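Every value quoted in this text rests on a predicted model; they were computed, and no experiment measured them. So that the names make sense, note that chain A is the first sequence line, chain B the second, and so on, each numbered from 1.
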Amino acid sequence: MIRNDIADLVAQAIRDAQAAGALPAFEIPAVEIGRPKDPKHGDYAANIAMQLARPARMAPLAVAQAIIAHLPAHPALGEVQALPPGFINFRLGDGWLAGQVAAIEASGGQYGNIDLGHGRTCQVEFISANPTGPLHMGSARNAVLGDSLGNLLAAAGWQVQREYYVNDAGTQMRTFAETVFLRYKQVLGLDAPLDKQHYQGTDIIDLARTIAAEHGRRFLDMPEEDAILELREIALTKVLANIRQTVERLRIHFDCWYSERSLYEPGGRFEHVLSHLRENGMTTQRDGAEWLLTSTMGSDRDEVIVRSSGQPGYYASDIAYHYDKFALRGFDRVIDVWAVDHQNQARRMPYLMRALGLDPQRLDILLYDIVRLYRDGQEVKLSKRSGNVITIDEVVDEVGVDAVRFLLLTRSNQAVMDFDLNLAVAQKDENRAFYVQYAHARMASILRRAAERGFPRERWADGNLDLLRHPAELTLLRKMADLSEVIERAALDLAPHNLAFYAQDLAKLFHAFYRDCRVLPGREDDAAGEGAAAPEAEIAAELSAARLRLVAATQSVFARVLGLLGVAAPESM
RNA sequence: GCCCCCAUAGCGCAGCGGAUAGCGCGUCUGACUUCGGAUCAGAAGGUCGCAGGUUCGAAUCCUGCUGGGGGUACCA
């Protein structure tokens, strides 16, 4: 990455300046390279001279000049200058920028990739919504964040595994099964009122109707407990099938669907972990329950691992599941994507990790804030209890996958998201997904046109990139050269929204280039011909070839970024 | 009570301790006989919630306060 190269060059220059006596001896701090906002300050800036002013006992500007005087040459660098109060500004060379077209072509669609992961394994676990009904819009943000994060980490050198944790154990599942049973009885004409704690959603009526159609009245002719258990399995299968379908529509693929219940099978993970913890003296009996001694790991309290009833406690599944992830399946790193209402649980995870003898640094919890849905300016309240739910499928039907994915990625994770169904569906200026996709389609259109006008790829594939010197061309190239830094920032912060903003910026710069720079040989050719200057016509064709390479390269960068976001890159629209 | 998150232009939001705080929408004014006008250019619009502190330098870090959201159980 060019920024790191510059940091290395500066550190080297300081050492050389010290060796030459231009700077006094002092310990060299880490060199930070920033990005100036104002383009006239160049592409990169170092503030090191100001930091060194005190130890060097020199004016910041003089330090900066001494560093520049000893700066080794680098092919990417153009002008380098010192400016008050002591910044060193670096400008990328035009030739190097133009050469990025070739670098993009050679990257095989992987331009911008970096290597933070060094091939280590990283599991991203996301969605993991209770399988008690269709996925609703709250899960959509989770889905899109998790999936894009997976793409991003893969681009950053991690070996990514995507996992959906199926909460098919516990009391929620029990309540769900009871609700299905009651609805089933209702469908068959029996009086079976729901209780307050049961799921009120009408989707379960449909579910019960289907089950009644397939299985008849047979669940009425067996002990109620048996009926509930059997219905639980049937309903679970159907709900999961529905969830899988929705997930596919969102263009998400999970490598593994992990059953919570499997943790509690005889001889399963939970038993294994529990005995492991007991052997290590990490549990104790108190008030009839068994507690995990997280207080010895820095927590303000212990956690119940086995309730006095004999049932596993709240954190039992988390303990067994994460032990499985790290100690048994051996992921180097795990990221759990959770909604902000799990913040307390998230805060306790590091202590659980320590109690398990695992390094908490290997686990990241990505907390994101809620989604508020609006229609016609009115908030649509989601409430599972009342059964008022807007499903992902409904919104995708209305808005389309691309708008849903893009819009959900245009907020930072910890900002509340207001999602207006009408705006998203309007597909006008408000919809940024369309703006970005339009830019890609326009590039595709230009390349199609070139071929139609007898200028196919073979004729411009080796166009002379040194002709790319127009400010609009160079600005576009600068932005593309940024991609690896955007990927780095987004991967380090677990913040895919950086990519969504980058895509918009890039689209804007492409449109500016399109405005200022004619790509296809057209009127400019004719004008040159009228002036009886045949060589100029030839130059126009060469310039056109260079620009076609630039357009094709830009298109591939766009496809890449849209791919990381999980948004389609259409050839036309 | 305690803990976490949020507060930036009329509205919606970006912004890794750096230079004149940006983007979109909205408003106003403009741009197609030429590659996609689903586009582009220009203008107006800010005491970065308030008050202190750290720093050569703070929207960014620290403390306190105000306002909004969330979390705090042998419930999941």
Side-chain angles (χ1 to χ4, degrees), chain A residues 3 32-38 40-41 45-47 50-51 53-54 60 83-87 89 130 167 169-175 197 286-291 300-301 303-315 317 339-347 367-370 372 410-418 420 423 427-432 434-435 437-439 441-450 452-453 485 488-489 492-493 497-498 500-501 504-505 507-508 510-512 514-527 544 547-548 551 572-573:
Chain A
R3 192 186 53 198
E32 307 261 334
I33 302 295
R35 307 300 302 264
K37 278 177 257 188
D38 189 335
K40 75 169 179 275
H41 292 131
N47 62 357
M50 288 178 285
Q51 292 172 359
R54 188 171 294 173
L83 280 177
F87 288 104
N89 292 335
N130 289 334
N167 298 107
T171 58
Q172 298 242 1
M173 209 52 220
R174 171 75 199 186
T175 307
Q197 83 273 8
R286 193 192 310 148
D287 305 329
E290 183 162 6
W291 300 72
D300 55 347
R301 71 175 199 210
E303 308 294 348
V304 171
I305 190 164
V306 183
R307 291 180 221 160
S308 49
S309 66
Q311 292 297 305
Y314 175 34
Y315 287 99
S317 292
V340 70
D341 56 336
H342 291 81
Q343 59 180 264
N344 188 59
Q345 191 182 355
R347 201 160 56 89
L367 289 181
Y368 62 92
D369 215 311
I370 55 166
R372 284 201 206 110
T410 53
R411 297 285 182 285
S412 56
N413 302 331
Q414 294 188 322
V416 175
M417 151 94 48
D418 292 325
D420 192 308
L423 282 190
Q427 300 192 340
K428 290 205 175 142
D429 293 338
E430 299 87 347
N431 185 335
R432 307 313 293 165
F434 249 66
Y435 177 77
Q437 290 181 308
Y438 177 71
R442 187 178 239 181
M443 289 177 241
S445 169
I446 292 172
L447 298 178
R448 272 197 307 273
R449 278 304 186 107
E452 284 166 17
R453 293 189 183 184
E485 284 176 42
E488 181 186 58
R489 160 63 25 81
L492 289 176
D493 293 352
H497 75 277
N498 285 286
F501 285 92
Q504 293 180 70
D505 292 345
K508 193 176 169 67
F510 170 73
H511 287 305
Y514 176 83
R515 180 192 70 236
D516 293 340
C517 299
R518 172 92 199 172
V519 176
L520 298 180
R523 174 150 300 196
E524 286 177 355
D525 249 352
D526 301 341
S544 180
R547 286 179 174 168
L548 281 164
V551 168
S572 65
M573 50 197 297

Inset, instruction - For R286(A), check salt bridge (Lys or Arg N to Asp or Glu O under 4.0 Å) against everything at least two apart and list the hits. - result: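 So R286(A) forms a salt bridge (Lys or Arg N to Asp or Glu O under 4.0 Å) with D302(A).
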Inset, instruction - Only counting residues at least two apart or in another chain, list the ones meeting salt bridge (Lys or Arg N to Asp or Glu O under 4.0 Å) with R54(A). - result: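 For R54(A), no residue satisfies salt bridge (Lys or Arg N to Asp or Glu O under 4.0 Å) once neighbours in sequence are set aside.
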Using the side-chain heavy atoms of [X], tell me which of these nucleotides is nearest: [options].
| X | options | value |
| --- | --- | --- |
| Q414(A) | A19(B), C5(B), A73(B) | C5(B) |
| Y438(A) | U39(B), C23(B), G15(B) | U39(B) |
| R518(A) | U34(B), C74(B), G36(B) | U34(B) |

Taking [M] as the reference, what is the distance to [N] when you measure between their [atom1] atoms (whole Å, please)?
| N | M | atom1 | result |
| --- | --- | --- | --- |
| U29(B) | C11(B) | P | 23 Å |
| G36(B) | G18(B) | C1' | 42 Å |
| G1(B) | C16(B) | C1' | 36 Å |
| G15(B) | G71(B) | P | 25 Å |
| G17(B) | G70(B) | P | 29 Å |

With a non-hydrogen cut-off below 4.0 angstrom, is [X] in contact with a base, only sugar-phosphate, or nothing?
| X | result |
| --- | --- |
| F87(A) | base |
| R449(A) | sugar-phosphate |
| S308(A) | base |
| A450(A) | nothing |
| S412(A) | sugar-phosphate |
| N89(A) | base |
| R301(A) | sugar-phosphate |
| A289(A) | base |
| A346(A) | nothing |
| H41(A) | base |

Residue list, side chain to side chain contact (heavy atoms under 4.5 Å, CB included) with [X], at least two apart or on another chain:
| X | answer |
| --- | --- |
| S412(A) | A415(A), H497(A) |
| D369(A) | R141(A), V340(A), V416(A) |
| Q311(A) | R307(A), S309(A) |
| R489(A) | D493(A), N498(A) |

Counting only side-chain nitrogens and oxygens, does [X] get under 4.0 Å of the OP1 or OP2 atom of [N]?
| X | N | answer |
| --- | --- | --- |
| Y514(A) | A38(B) | no |
| R411(A) | C13(B) | yes |
| R442(A) | A38(B) | no |

Legend entry - Under 3.5 Å donor-acceptor, R442(A) side chain and A444(A) backbone: no
Inset, instruction - Check whether any side-chain N or O of S445(A) sits under 3.5 Å from a backbone N or O of A441(A) as a donor-acceptor pair, and report yes or no. - result: no
Protein N or O to nucleotides 54-57 of chain B N or O, pairs below 3.5 Å:
from, atom 1, to, atom 2, distance (Å)
C56(B), OP1, R54(A), NH2, 2.6

Distance in angstrom units between [X] [atom1] and [N] [atom2], rounded:
| X | N | atom1 | atom2 | value |
| --- | --- | --- | --- | --- |
| D287(A) | A73(B) | CG | C1' | 13 Å |
| K37(A) | G22(B) | NZ | C1' | 8 Å |
| N344(A) | C5(B) | CG | P | 14 Å |
| I446(A) | G37(B) | CD1 | C1' | 14 Å |

Legend entry - Qualifying residues under side-chain hydrogen bond (donor to acceptor under 3.5 Å, both in side chains), relative to R3(A), sequence neighbours excluded: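 side-chain hydrogen bond (donor to acceptor under 3.5 Å, both in side chains) list for R3(A), sorted by chain: E488(A).
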Inset, instruction - Return one dot-bracket line describing RNA chain B 5' to 3' (Watson-Crick or G-U wobble pairs, both distances under 3.5 Å; ( ) same strand, [ ] crossing, | another strand, . none). - result: (((((((..((((....[...)))).(((((.......))))).....(((((..]....))))))))))))....
Legend entry - Those residues that, when tested against Y315(A), pass ring pair (Phe, Tyr, Trp, His ring centres under 6.0 Å) (two or more places apart): none
Legend entry - Set of ring pair (Phe, Tyr, Trp, His ring centres under 6.0 Å) partners for H41(A), sequence neighbours left out: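 Here no residue qualifies.
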Protein N or O to nucleotides 67-70 of chain B N or O, pairs below 3.5 Å:
from, atom 1, to, atom 2, distance (Å)
G70(B), O2', Q343(A), NE2, 3.3
G70(B), N2, Q343(A), OE1, 2.4
G70(B), N3, Q343(A), NE2, 3.3

Legend entry - RNA chain B: 5'-proximal contact among Q172(A) and D38(A) (nearest heavy atom): D38(A)
Inset, instruction - Please tell me which of R448(A) and K40(A) maps to the more 5' nucleotide of RNA chain B, matching each residue to the nucleotide holding its nearest heavy atom. - result: K40(A)
